[in-house]
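Sequential numbering from 1 along the given sequence is applied to the chain's residues.
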Amino acid sequence: MKILVASHSYIVDLNCEKLRALAQLKAGIEVTVIVPKTWKPGGVQNKVITTQYRDEGNFRIVPISNFSQNNQGLLTFGTDLISLLREFRPQVIQVEQGSKGLAYAQMILLNQLLGLQAKNIFFTWWNLPYELKFPVALLEKFNLKHSHGIISGNQDGAKVLRERGYQGKIKVMPQLGIDERLFTPKKQPELASKLGIKSEDFVVGFVGRFVPEKGLLTLLQALVSIKDKPWKLLLLGRGELQAELIKITTENNIRDRVIFVESVPHDEVANYINLMSTLVLPSETTYKFKTLTAVGWKEQFGHVLIEAMACQVPVIGSDSGEIPHVIGDAGLVFPEGDITALASCLVQLIDQPNVAKSIGESGYQKTMNKYTNQALAKQQFEFYQELVNS
């Protein structure tokens, strides 16, 4: 099977591991990934990434000239795309720019004009209801009409697409998996010593942005309510709430129990997760649906959950967005914003080490079965086979 995947996400080599695994599943699979030739990452001023061609046999990355360098919805490709399509002649074309992506419409048209007869698929993370005006509404209608299948990163996204009128096949799975060689249980005595963490400490961990929608204030208030328990809080990340978090911890005389660590390279995150007795993702939905758009946010997946689960760290998450589906019965879920319920979850793990150990083991098994790059590659290929054979 010849598979073509287009996305700016695969400029980052680490993000390509699932697709590499896809190419290695069985003989006869060829995966070509097209990426923008140049890209300007959001939030990084004056930085331009120039991508390079890579050929690894049945897996290759091909930079294609592009007309937008920092907007994935407006991204389109140059005429060199046509020669690649004629040469490769894919059976599956997957564009990871959402339902309104111009690049997806471009691929659909070229698929028709070149007579490729490939199956059209797009990937989306979008999980909020919305309405569209002309001409974007026509663009989405065209894309949905010509989609043979869709991969949604979450259950809410699939529901939104059904509400938009799409009746075809939808597969729910995340865009990226985890590398179980990196995210694996491993003691970190030197790092623990450096951070002042003792073996008897119950370390409550958080990894992510310090912003209101991530629920950090709820987490901190829950911990304040159980400050008679022997916990420490490890916060890995940065953001606008940091000053307020420090203020609250100081006012409640728990500043010495809270450890702040600036964001670290992704290949070091596992070291910090392995210091945690539990990882908490207390995300809080903020969106309000207005006349023509949804304003706000709710958790699209929570990738850090599966990273912690792969390290056998028991997880606690709110019921925002996809979190309860990711955790399932392999962790604890509480109503978002509910301080008392979160405190109860924490006390349960602190007071019952055997429960914590059992949850950690369940999370590990679920992640190995469902969320490694190899597991996701297998799920994605099976979806392709279903479409190609239908």
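Other residues, nucleotides and ligands contribute over 12 non-hydrogen atoms within 6.0 Å of the NZ atom of K2. For R89, the CZ atom sits in a packed shell: over 12 heavy atoms of surrounding residues, nucleotides or ligands are nearer than 6.0 Å. The number of heavy atoms from other shown groups lying within 6.0 Å of NZ (K357) does not exceed 12.
Relative to the six-membered ring of Y53, K37 misses at least one condition, a distance below 6.0 Å or an angle of at most 45° to the axis.
A salt bridge links E17 with R20: the closest approach of a Lys/Arg side-chain nitrogen to an acidic carboxylate oxygen falls below 4.0 angstrom. Salt bridge present: R164 and E131 bring a charged side-chain N and a carboxylate O closer than 4.0 Å. K298 and E322 are not joined by a salt bridge, as no carboxylate oxygen comes within less than 4.0 angstrom of a charged side-chain nitrogen. Taking the charged nitrogens against the carboxylate oxygens, K366 and D329 have no contact shorter than 4.0 Å, which rules out a salt bridge. Under the 4.0 Å criterion applied to side-chain N and carboxylate O atoms, D201 and R257 are not assigned as salt-bridge partners.
Taken to the nearest 0.5 Å, the CG atom of L4 stands 6.5 Å off from the CZ atom of F88.
Ring planes of H146 and F142: tilted class, angle from 30 to 60°.
A donor atom on one side chain and an acceptor atom on the other are not found under 3.5 Å apart for S99 and Y166.
Under the side-chain contact (heavy atoms from CB on, under 4.5 Å) criterion, L176 pairs with Y10, N15, H303, not counting sequence neighbours.
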